[in-house]
Amino acid sequence: MTRVIVIGGSGHVGTYLVPRLVGAGFEVVNVARGQREAYQPNAAWSQVETVTLDREAEDRAGTFGAKISDLRPDIVIDMICFTLPSAQLLVDALRGRVEHFLHTGTIWVHGPSVAVPTPETVARRPFGEYGTQKAAIEAYLMHEAQRNAFPATIVHPGHIVGPGWAPLNPAGHFDPAVFSTLAQGQELVLPNFGLETVHHVHADDVAQMFMKAIGNWSMAIGESFHTVSSQAVTLRGYAEAVSSWFGHEAKLSYLPWEQWKQAHSAEIVEQTYDHIAHSPNCSIDKAKRHLDYQPRYTSFEAVREAVDWLIGKGIVKTG
């Protein structure tokens, strides 16, 4: 039986990926820092071995890669690698020992959009610590795959959505109160003209991409794939769609960025700036051609499922 180690398998994507792996007949080991349960219950978890490791501490000691190698993986799926040194330590330990290594990247390796939809082949222009580190990891893994035959594949998700957590909202940040504002028919103020874009993906569609990459090994090795819904959405269009779910026409107004940010906390300003400065709009043509990736959810369908969960928990108020 093929043995798959999922590093960080209890998170958003792992909630859907681990049951998919078990259902496909893989022997699955979830490596996690703590004992947090997946966001959605599934009987498949009873067949999963969990190993507790603190990656940051193990990386500092230089032992994380060796401990993953000691688990005897055939396939490794790394959900939580954020720095180049961490990636290098893991690859060095797994070189010659795994059939397939799959890394979770981000569409933010691209930096700001230019010609859209953005294909995987364009030159990287990342900004910010997260995007810059992920671009460096991608470059390293692609070099190792193409020059040294390390069997790496990179999956680049967009803004991951699903029941159990607050999605990126139509103002470009994560405060669920924005959904309450729209549900109650109140006015929402957007930055600029609300024409910047965001590109969501349901966590289960990210899980689907990992399964497609594993199942199409020869097409996936040495490649990176955008993992998003079929279309990005504008902030304005997003707000209008959410309002329509509650029988309202969106009441929207707009302020220039410098004025808009004065009315919000530093945390919200940082989140919104990161998203609108990137304004991602990514192509999935490559993944569709080579891996038969077919996202089940549109951006709006994925967000609607998450918002319904927030309503059920009393986090989003509809009246």
Side-chain angles (χ1 to χ4, degrees), residues 1-60 63-65 67-83 86-87 89-90 93-94 98 100-106 130 134 137 153-168 174 200-214 227 296-297 302 305-306 309-310 312-313 315:
M1 183 181 294
T2 302
R3 186 169 166 88
V4 183
I5 310 302
V6 184
I7 303 171
S10 302
H12 296 160
V13 175
T15 290
Y16 298 91
L17 175 59
V18 168
R20 277 178 175 262
L21 289 165
V22 171
F26 292 101
E27 179 184 1
V28 182
V29 179
N30 174 35
V31 175
R33 183 172 59 182
Q35 297 296 319
R36 185 183 71 185
E37 295 183 356
Y39 286 88
Q40 300 293 317
N42 192 300
W45 285 92
S46 65
Q47 302 177 53
V48 176
E49 177 186 353
T50 296
V51 173
T52 302
L53 284 176
D54 185 327
R55 183 175 194 155
E56 291 186 9
E58 298 289 347
D59 272 348
R60 286 194 297 271
T63 54
F64 184 74
K67 289 190 175 182
I68 296 299
S69 181
D70 287 346
L71 295 174
R72 300 174 288 103
D74 298 302
I75 298 171
V76 172
I77 302 174
D78 191 354
M79 310 294 301
I80 54 168
C81 181
F82 304 111
T83 69
S86 183
L89 286 169
L90 186 55
L94 296 177
V98 292
H100 202 174
F101 178 84
L102 300 102
H103 170 83
T104 306
T106 172
Y130 179 62
K134 282 293 193 178
I137 294 168
T153 298
I154 299 177
V155 170
H156 286 310
H159 314 312
I160 299 173
V161 184
W165 65 96
L168 179 69
F174 293 97
H200 295 86
V201 62
H202 194 286
D204 189 48
D205 280 329
V206 184
Q208 176 200 158
M209 180 68 87
F210 279 111
M211 298 300 296
K212 294 285 189 180
I214 291 169
T227 307
R296 175 184 171 193
Y297 293 84
E305 189 174 284
W309 181 88
L310 292 170
K313 293 294 182 180
I315 298 170

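We use all heavy atoms of the structure for the numbers below, so side chains are in, but hydrogens, waters and symmetry mates are not.
- Looking at Phe210 and Thr153, their side chains never come closer than 4.5 Å, going by heavy atoms from C-beta outward.
- Taking CD1 of Ile75 as the start and CG of Leu94 as the end, the distance is 12.5 Å to the nearest 0.5 Å.
- Residues satisfying the side chain to side chain donor-acceptor pair (under 3.5 Å) criterion with Thr104, sequence neighbours excluded, are absent altogether.
- Side chains of Tyr16 and Gln208 form no contact here, defined as non-hydrogen atoms less than 4.5 Å apart.
- Legend: residues meeting side chain to side chain contact (heavy atoms under 4.5 Å, CB included) with His12, ordered by chain and number and at least two apart, are Tyr39, Ile160, Trp165.
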Quiz: residues 24-33 side-chain donor-acceptor pairs under 3.5 angstrom, not counting sequence neighbours:
{"unit_1": "Glu27", "atom_1": "OE2", "unit_2": "Arg3", "atom_2": "NH1", "d": "2.6"}
{"unit_1": "Asn30", "atom_1": "OD1", "unit_2": "Gly9", "atom_2": "N", "d": "2.8"}
{"unit_1": "Asn30", "atom_1": "ND2", "unit_2": "Ser10", "atom_2": "OG", "d": "2.8"}

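- To the nearest 0.5 Å, atoms CD1 (Ile80) and CD1 (Ile7) are separated by 7.0 Å.
- Shown here for Pro19 and Asn42, the closest heavy-atom pair between the two residues is CB-ND2, 3.6 Å.
- A distance of 10.0 Å separates CG in Asp70 from OG1 in Thr63, rounded to the nearest 0.5 Å.
- Among pairs with a residue in residues 5-17, none fulfils salt bridge (Lys or Arg N to Asp or Glu O under 4.0 Å), at least two apart in sequence or across chains.
- Taking a 6.0 Å sphere around CD of Glu56, one finds it holds 12 or fewer heavy atoms contributed by other residues, nucleotides or ligands.
- Scanning for side chain to side chain donor-acceptor pair (under 3.5 Å) contacts around Ser86 gives Arg55, Asp59, with sequence neighbours left out.
- In this view, Lys67 and Glu58 satisfy the salt bridge (Lys or Arg N to Asp or Glu O under 4.0 Å) rule, not counting sequence neighbours.
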**OP:** Apply side chain to side chain contact (heavy atoms under 4.5 Å, CB included) to the pair Ile214 and Thr2, showing each step before the final yes or no.
**Re:** CA-CA 11 Å; Ile214 291 169; Thr2 302; over 6 Å; no
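- Using a 4.5 Å cut-off on side-chain heavy atoms (C-beta onward), Val13 and Pro157 make no contact.
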Subject >> Working for side chain to side chain contact (heavy atoms under 4.5 Å, CB included), residues Leu53 and Ile68 >> reply: CA-CA 9 Å; Leu53 284 176; Ile68 296 299; 4.2 Å; yes
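- Glu305 meets the side chain to side chain donor-acceptor pair (under 3.5 Å) test with His202, Tyr297; sequence neighbours excluded.
- Rounding to the nearest 0.5 Å gives a distance of 7.5 Å between CD of Glu49 and CD1 of Ile5.
- Closest heavy-atom contact between Pro167 and Val161: CB-CG1, 3.9 Å.
- In this structure, Leu17 CG and Met211 CE are separated by 7.0 Å, a value rounded to the nearest 0.5 Å.
- Closest of all the heavy-atom pairs between Val206 and Thr227 is CA-CG2, 3.7 Å.
- Every residue two or more places apart in sequence or in another chain that forms a ring-ring contact (aromatic ring centres under 6.0 Å, His included) with Phe101 is listed here: Phe150.
- Closest heavy-atom contact between Leu310 and Ala166: CD1-CA, 4.2 Å.
- Applying the side chain to side chain contact (heavy atoms under 4.5 Å, CB included) rule to Tyr130 yields the partners Phe82, Thr106, Trp108, Lys134; only residues at least two apart in sequence or on another chain are considered.
- Within the structure, salt bridge (Lys or Arg N to Asp or Glu O under 4.0 Å) contacts touching residues 200-210 (residues at least two apart or in different chains) are Arg20-Asp204.
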**OP:** For Leu89 and Phe64, run side chain to side chain contact (heavy atoms under 4.5 Å, CB included): C-alpha distance rounded to whole Å, both residues' side-chain angles, the deciding distance at 0.1 Å, then the answer.
**Re:** CA-CA 8 Å; Leu89 286 169; Phe64 184 74; over 6 Å; no
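- The line from SG of Cys81 to CD1 of Ile137 is 4.0 Å long, rounded to the nearest 0.5 Å.
- Not a single side chain to side chain donor-acceptor pair (under 3.5 Å) links His159 to another residue, sequence neighbours left out.
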